[in-house]
2 protein chains.
Amino acid sequence: MNSYSEMGEEMKMTMKDIAKLANVSQATVSRVINGNPNVNKEAAKRVFKIIEEVGFKPNRTAQTLKNNASFLTGVSVIDISNPYFMDLIEALEYESRQHGYNIIIHNSNHNVLTEWDNIQNFMARQVDGILLVPTTSHNLSALKKLEVPTVIITQIKDEFDSVAVSHKQGVKLVAEHLISQGHHKLGYIGPMHDERLLFFKEAIFNNGLCLRDENIIELGSDSNSQYSIRQDIIKYLDTHEKLDFTAVFGFNDVGAFEFMKLMNERQIKVPEDIAVVGFDDTILSKSLSISSVHQPIRDMMQMAFSILQKRIKGEIEETPIKIELEPSLIIRNSSK
Amino acid sequence: MNSYSEMGEEMKMTMKDIAKLANVSQATVSRVINGNPNVNKEAAKRVFKIIEEVGFKPNRTAQTLKNNASFLTGVSVIDISNPYFMDLIEALEYESRQHGYNIIIHNSNHNVLTEWDNIQNFMARQVDGILLVPTTSHNLSALKKLEVPTVIITQIKDEFDSVAVSHKQGVKLVAEHLISQGHHKLGYIGPMHDERLLFFKEAIFNNGLCLRDENIIELGSDSNSQYSIRQDIIKYLDTHEKLDFTAVFGFNDVGAFEFMKLMNERQIKVPEDIAVVGFDDTILSKSLSISSVHQPIRDMMQMAFSILQKRIKGEIEETPIKIELEPSLIIRNSSK
DNA sequence: CTGAAAGCGCTAACAA
DNA sequence: TTGTTAGCGCTTTCAG
């Protein structure tokens, strides 16, 4: 009976234990595991056999400490309950697995302080890189100083590698679609300071129309939970007896979705009375058949990860890489 | 001089650096950080100041190695694209953050091998514990041998701490609800081997009725993606000219949801022609107003995490803790 | 109160 | 082809 199985409670094996069992030095075990060719075939075979038998796995923590590489990536998103970011996470879990990486996921909840906490935690955990959906630009300069490989996702930010869809183009598609459907009075659901609002106004203006302030259903920019979005829309509806627009654009699917549900509840017909278009093309727009701007999430995350990898390996020059993909508009029942 | 400092990249600070700057030994820095009271107030203040100034964070990897505690938890779920598991992940991210833990999330994709990979990876990463939504019971005995603190979630498994909702009770609520609505011919959407099917049959039988085999829309048990579920349902619909049931129970929301959408597409009225009930009460059932069995996810994950913590600290006896919560049925338009 | 030193599990010179 | 050894950054005796 081997000494390792003598105890009822088997201790966690280390290379030292394997070495003893295989009658080699611990360094040789390390060599075998790391595929170093300068090892006697017989010895290697012995080592492999033992490893197999006892199910040994090298301690990644020790490797991280020694190699200064953790194969960990930190991911911070602004709202984990939004299906869009869930899709992002799904894609990232897949993508990182393909490359032997693991991810640590954090929700910043639209909170700048929490986001900074997240970043600090990533650093303490020795992540090799960070993928960030930033709350605002608030933490970016401090993050830059940390000099940790970082790719900003879903937004394009100065001085950072960034992968995103062109919001401007996506919003333009929405505006032109609605206008081409004969809508002249448009509305918007979303935060005031969002670039999608600016682009929407711009696109409308370029078509000889304009977006009236009264037709903006403002959402609080910090608390974008489904519940608070619903409340914000209700507040608007309660203070506006009659809606002065025939088509509305939700800056994201959650906004469009909640609006859609409220319309249903109030017996207002979509698209007959009001057309609705969302953004992100999540399960929300798919389920209620809401037109929405589609983002190629898989591609985006694949690119983001690939850039991050290159950055980690130092394979690319310092100038930030900006990738802006073209979105497409998926037209569904809510706007035709 | 290595390539990093040549490139002007500031090296990562260590306790040694802080010690030098504060004119104390590295051990003292460690004491200060860990709140050891036996440190000169002045010295401590100096150390704190430096730490603050340079933004030092102790290396968690080194701590893990030394302390044999990582404050990492491994989470493996069977289908990350299912909103139900996304809700689970959201709750776990929140819960673990509250306790200073981080989670590593893996998708096993209903694949036993992938699940075992995930577990191996968790071990290599030195997680303090594992939260597992098991694919099958296949890996459980091997997992047991690893002697790592583990809590099984969403299912109750022998020999393991488990936290779940009573599937039996949930399914019973569904059956009784449908029957009380006057439905005598019932259908089921889901895998053949799932316990929910057994419980459904049982509950129906206890009400003097039975579930006919022809009314089972079988879903492949290994590939539960939204797409394949849809395909399975389509296959059934294509081979059954007329549906011989007036109410159907989807073993999860994805099944109910896809069925619902197909009914809409084929102009079959819900609930007039067919009533639909799902399971999990996810955003899917909420969006299409499908009745569904609600699971108290936040509570479940809170309990699961709490048990895991106690297990990690060795605060509880060896006999597994089983927690089975009562589900509730949320009745919506799809069945009334 | 404080510093020196051992060691967590691993990798990578360096010798042999 | 091997073993010995020196750390990676940290915590914790053990002396002083």
Side-chain angles (χ1 to χ4, degrees), chain A residues 4 10-48 50-51 54-72 120-121 123-128, chain B residues 2 4-5 10-48 50-51 54-72 120-121 123-128:
Chain A
Y4 59 82
E10 50 186 274
M11 282 314 310
K12 203 166 277 181
M13 283 274 167
T14 70
M15 283 192 179
K16 212 163 120 190
D17 302 319
I18 305 295
K20 204 169 292 170
L21 292 170
N23 255 309
V24 292
S25 74
Q26 190 236 44
T28 296
V29 176
S30 174
R31 287 191 187 99
V32 171
I33 286 175
N34 293 301
N36 185 320
N38 300 326
V39 179
N40 179 291
K41 302 282 178 209
E42 291 305 315
K45 207 188 281 179
R46 257 185 0 257
V47 170
F48 274 133
I50 308 272
I51 287 176
V54 305
F56 171 75
K57 277 273 179 184
N59 183 327
R60 293 283 238 145
T61 300
Q63 290 178 318
T64 297
L65 191 58
K66 180 68 193 173
N67 297 339
N68 208 25
S70 61
F71 289 86
L72 268 182
Q120 291 286 87
N121 185 51
M123 298 310 289
R125 291 270 181 207
Q126 310 301 113
V127 300
D128 293 340
Chain B
N2 61 33
Y4 278 128
S5 26
E10 53 185 270
M11 283 314 308
K12 206 166 275 182
M13 283 271 170
T14 70
M15 282 192 180
K16 212 163 120 190
D17 302 319
I18 305 295
K20 204 169 292 169
L21 290 172
N23 255 309
V24 292
S25 74
Q26 188 236 46
T28 296
V29 176
S30 174
R31 289 192 185 98
V32 170
I33 286 175
N34 292 302
N36 185 318
N38 300 327
V39 179
N40 179 290
K41 303 283 177 207
E42 291 306 315
K45 207 187 281 180
R46 251 176 15 247
V47 171
F48 274 132
I50 308 272
I51 287 177
V54 305
F56 172 75
K57 278 273 181 184
N59 183 327
R60 279 290 260 117
T61 300
Q63 291 178 319
T64 296
L65 191 58
K66 180 69 193 175
N67 298 339
N68 209 25
S70 62
F71 290 87
L72 268 181
Q120 291 285 86
N121 184 50
M123 297 309 290
R125 290 271 183 207
Q126 311 299 115
V127 299
D128 294 339

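Chain letters run A, B, ... following the sequence lines, proteins first and then strands; every chain starts at 1.
Residues B:Asn38 and A:Val29 both approach DNA chain C. Their nearest nucleotides, taken by heavy-atom distance, put B:Asn38 toward the 5′ side.
Judged purely by atom type and a 3.5 angstrom limit, B:Arg60 has no side-chain atom pairing as donor or acceptor with the backbone of A:Ala124. Listed for the B:Asp128 side chain is a donor-acceptor partner under 3.5 Å among the backbone atoms of B:Phe71.
For the pair A:Asn40 and A:Lys45, the minimum side-chain heavy-atom distance is 4.5 Å or more. Residues A:Leu72 and A:Gln126 have side chains not in contact (no heavy-atom distance under 4.5 Å, counting atoms from C-beta outward).
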Atom pairs, protein N/O to nucleotides 12-16 of chain D N/O, distance under 3.5 Å:
from, atom 1, to, atom 2, distance (Å)
D:dT13, O4, B:Arg31, NH2, 3.4

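Rounded to an integer number of Å, the gap from CG of B:Leu65 to P of C:dT11 is 12 Å. The interatomic distance linking B:Lys41 (NZ) with C:dT2 (C1') rounds to 15 Å, in whole Å. C:dC10 atom C1' lies 13 Å from atom CZ of A:Arg60, rounded to whole Å. Counting to the nearest Å, the P atom of C:dC10 and the CZ atom of B:Arg125 are 14 Å from each other. Rounding to whole angstrom units, CE of residue B:Met15 and C1' of D:dC10 are separated by 6 Å. A straight line from CG of A:Asn36 to P of C:dA12 spans 9 Å, rounded to a whole angstrom. Residue A:Gln63 contributes atom CD, which lies 17 Å from atom P of C:dC8 at whole-angstrom precision. The nearest whole Å value for the distance from the NZ atom in B:Lys16 to the P atom in D:dT11 is 15 Å.
Within the nucleic acid shown, A:Asn40 comes within 4.0 Å of sugar-phosphate atoms alone, with no base atom in reach, counting heavy atoms only. The residue B:Asn59 sits close only to the backbone: its heavy atoms come under 4.0 Å of sugar-phosphate atoms, none of a base.
The listed nucleotides are D:dG9, C:dT2, D:dC10; the one nearest the side chain of B:Pro58 is D:dC10. Among the nucleotides C:dG9, D:dC10, D:dG3, the one closest to any side-chain atom of A:Ala62 is C:dG9.
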I'd like a table of donor-acceptor pairs (distance under 3.5 Å, sequence neighbours excluded) in which one partner is a side-chain atom from residues 30-38 of chain B, with atom names and distances.
from, atom 1, to, atom 2, distance (Å)
B:Ser30, OG, B:Asn34, ND2, 3.3
B:Asn34, ND2, B:Ser30, O, 2.9
B:Asn36, OD1, B:Asn38, N, 2.8

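Across all non-hydrogen atoms, the minimal contact from A:Val127 to A:Ser70 is CA-OG, 3.6 Å. Of all non-hydrogen atoms in B:Leu65 and A:Thr61, the two that sit nearest each other are N-CG2, 3.9 Å.
Taking 4.0 angstrom as the limit, A:Thr14 places none of its side-chain polar atoms (N or O) nearer than this to OP1 or OP2 of C:dG9.
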